[in-house]
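The block underneath contains the structure these notes are about, expressed in structure tokens.
Just so it is clear, the model here is predicted, and its values are computed rather than measured.
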Amino acid sequence: MVGDSQESTPSRRGLIGIGAAIAGSGLVVGQAPALAAGFIDVPRSQPFAREIQWTADQGISRGWSDGTFRPYEPARRAEMAAFLYRLAGEPAFTPPAVSPFRDVTPTTTFYKEITWCQDGGILRGWNDGTFRPMVPMQRDQAVVVLYRLSGSPAVGGSAAFKDVPSSYVFRKEIAWARNVGYMLGWDDNTFRPMQPILRDAIAALFYRYSNGGAFGKGIRVQGAIAQAYWAAGGIWGRLGSPKGNERAVISGKSGARGFQQDFAGGLVLYSSRTGSRTVGGGLLTEYLGQGGATGRLGFPTGNERSFGAGWRQDFEGGFRTYYSGWNPPENRHGPVKQITSVRGGVTIRRGWNGTRVRIIQKKLGVHRTGSRQTYDLGTEDAVRAFQRRNRLTADGIVGPQTWRRLAPEYPFDMDAWRTPVAVRSNASRNERIEAMIRFCERQLGTPYTWGGAGWSNTSVAGFDCSGLLLQGLYAAGLDPQPINVVKHAEPTYRTSQQLYGDKRLASFPLAERRRGDFIFYGRTANAPVTHVTLYLGNGRMIESWSTRTSHLNYSRQPHNGYYTVKPTIKRPFV
């Protein structure tokens, strides 16, 4: 029959998930270390000192007559036979008078133990009749002998390692060892089946086998849950160790039946309807707050994915989103790490407004103020004259060619400028409010520009009321798409009206205003919104209006009663 080719156990980290192997004997020159089990080469600092002590106390591995254990030597096949025989309690056995192996005789050290293993089908040898007693055991071989010693139990699913393909001869046995926590592999999801197993790792393996594995006595991870668990990093990942075995659950949304297993850092759930999924981190709190699998969300239908500055996960009953800092309700705008890129550089024609119109008018000596800063007939006539002087097509439209001749120091797509997010992704609500206010206050004195939303040099480009607040939101990491800076400059687009009507911005009565809220105005109480300010608290606001960005006292009606305040305010950060 085919021999026990290449089986073994994880050494050190591969077995219990701690640091890499300590090279050498572990002794410190000039210092007498505390020793394990009296072995002169096993200090208490040795990663598996406890397990080596246990194997010595149980009489499984007794070391050498010179007082050494030799933890970093490979365990050979003859030694493994002796270890297994002792682990089984040294059962009564009469070895055969004639050896079943041509390279083992009745006088060979551990002859009784070798033949006991062969008689029980635990260590079987090779087809050529050899046992090869001095050949080192390998990691997959160590798994196989324990699997056989355990009675070859059924394996609940396959926990795949990336270096153990589905065609691997001992894949089933390796999966079993991982499921029950005897051999976990390395944290890079390798098992390294062909590597020799060292003596200290054998001690750790037997200790686990007798004392409940890495997960605890009777606890295992298996089947589809095991696949999701190890794909998420297993014991080294955020899920950590299992807190119990899987249990049956019924979806509170669909009624589907499935299983759930609890881990230190989250859950793994499985149903034939949704597959295996993990729920952990902040999303776990959101999920459990809705009753978990038996609540209205039911089973997860996907794993978490990045979303803005946070994470989102889909469930049978909807989705949940979690942000590690400011975590708004589900129906509100959430924080982002960067502002959505929009395509600027729109060809400018009559009716347009914004920062580029301001520059065109300034370059051509067209003087406009307030809401008259628009691409009107007078501006168009000035552009035609400029185009004729420069031998361009005199169509009165400012495309890239005219712009490069007229204002080469400014980019044609400057209308798409977005101020960078100025807060950490886990910034709190208050930190975001203050970032928004800081941005807006830095613009004090900048010119008013109808339809303007600034540029990198804001003193050149200027803002209008809603353009200022839009960039302030960007600085605070809030992107109220589909409202954006390019739309802001369109002829009939009114960003203040869009903000006022945005249902993903929370609404509150004017009397409940607080720092960071948006206050809106119209020409009359029933007229559309035409102006917006940022409330700073204590009766102070900041706005861009008429000629520049400035502070304003809330206590008096803006601009001598020209505007009427609306009864509802918007609160971007709730």
Side-chain angles (χ1 to χ4, degrees), residues 336-348 352-375 379 382-383 386 398-423 432 434-480 483-490 493 495-496 532-534 542-552:
V336 297
K337 294 179 181 179
Q338 60 184 23
I339 306 304
T340 304
S341 177
V342 288
R343 186 174 181 179
V346 179
T347 297
I348 305 172
W352 211 263
N353 49 63
T355 55
R356 292 182 300 154
V357 172
R358 173 187 177 84
I359 289 172
I360 291 169
Q361 290 177 335
K362 185 176 181 180
K363 289 275 188 177
L364 298 179
V366 178
H367 301 290
R368 301 286 188 267
T369 60
S371 61
R372 296 182 63 247
Q373 296 177 68
T374 189
Y375 198 89
T379 306
V383 168
F386 174 83
V398 180
Q401 189 176 20
T402 298
W403 181 267
R404 284 194 296 269
R405 190 69 62 88
L406 177 65
E409 67 271 41
Y410 302 110
F412 187 58
D413 61 353
M414 64 185 292
D415 55 330
W417 176 77
R418 304 165 316 285
T419 190
V421 175
V423 295
R432 293 178 186 277
E434 296 308 313
M436 175 176 63
I437 291 174
R438 277 195 304 274
F439 174 85
C440 293
E441 290 198 317
R442 282 200 299 269
Q443 313 316 318
L444 288 170
T446 56
Y448 178 86
T449 300
W450 174 247
W455 182 53
S456 56
N457 184 346
T458 53
S459 64
V460 170
F463 302 87
D464 66 5
C465 60
S466 53
L468 174 70
L469 270 54
L470 186 57
Q471 295 285 5
L473 290 174
Y474 291 171
L478 191 149
D479 186 2
I483 303 170
N484 63 63
V485 289
V486 173
K487 287 184 178 181
H488 178 70
E490 291 178 358
Y493 196 83
T495 299
S496 58
V532 60
T533 64
L534 174 59
I542 190 170
E543 66 166 359
S544 185
W545 186 79
S546 182
T547 59
R548 66 187 185 280
T549 298
S550 60
H551 280 130
L552 175 71

Donor-acceptor pair, side chain of Q471 and main chain of W417, under 3.5 angstrom: yes
Can you find a side-chain donor-acceptor pair between T458 and Q443 that sits under 3.5 Å? yes
Is there side-chain contact between L364 and L406, with at least one heavy-atom pair below 4.5 Å? yes
Would you say S544's side chain and F463's backbone share a donor-acceptor pair under 3.5 angstrom? yes
Once you round to the nearest 0.5 Å, how far does CZ of R438 lie from CZ of R442? 7.0 Å
When rounded to the nearest 0.5 Å, the distance separating CG of N484 from CZ of R343 is 13.5 Å
Go through the steps for M436 and L534 under the test side chain to side chain contact (heavy atoms under 4.5 Å, CB included), then give the verdict. CA-CA 9 Å; M436 175 176 63; L534 174 59; 3.7 Å; yes
Please table the atom pairs, donor to acceptor, closer than 3.5 Å between any side-chain atom in residues 447-457 and protein atoms at least two apart or in another chain.
unit_1	atom_1	unit_2	atom_2	d
T449	OG1	A461	O	2.7
N457	OD1	S459	N	3.4
N457	OD1	S459	OG	2.6

d(I437 CD1, E441 CD) to nearest 0.5 Å is 7.0 Å
On a heavy-atom basis, which atom in G354 and which in A489 lie closest, and how many Å separate them? CA-CB, 4.2 Å
Give the minimum heavy-atom separation between G345 and F412, together with the two atoms involved. O-CE2, 2.9 Å
Side-chain heavy-atom pair Y410, R356 within 4.5 angstrom cut-off: no
Testing the basics here: between G472 and C440, what is the closest heavy-atom pair and its distance to 0.1 Å? CA-SG, 4.2 Å
Heavy-atom closest pair, residues W403 and I360: CZ3-CG1, 3.7 Å
Rounded to the nearest 0.5 Å, how far apart are NZ of K362 and NE2 of H367? 11.0 Å
Closest non-hydrogen atom pair, V342 against A416: O-CB, 3.5 Å
Does some side-chain heavy atom of L444 sit less than 4.5 Å from a side-chain heavy atom of I542? yes
Taking every heavy atom of T374 against every heavy atom of T379, the minimum-distance pair comes out as O-OG1, 3.7 Å
Under the rule for side-chain contact (heavy atoms from CB on, under 4.5 Å), what residues qualify as partners of Q338, not counting sequence neighbours? none
About how many Å separate CG of L473 and CD1 of I483, when rounded to the nearest 0.5 Å? 9.0 Å
Just do the side chain to side chain contact (heavy atoms under 4.5 Å, CB included) check on Q373 and N353 with the steps written out, would you? CA-CA 7 Å; Q373 296 177 68; N353 49 63; over 6 Å; no
By salt bridge (charged side-chain N to carboxylate O under 4.0 Å, His left out), which residues pair with R368, not counting sequence neighbours? D376
Should we say atom NZ of K363 is surrounded by more than 12 heavy atoms from elsewhere, each under 6.0 Å from it? yes
Criterion side chain to side chain contact (heavy atoms under 4.5 Å, CB included) on I359 and M414, from CA distance to verdict: CA-CA 11 Å; I359 289 172; M414 64 185 292; 3.6 Å; yes
Roughly how far apart are L470 CG and S496 OG, rounded to 0.5 Å? 11.5 Å
Is V346 close to W352 at the side-chain level, that is, under 4.5 Å between some pair of heavy atoms? yes
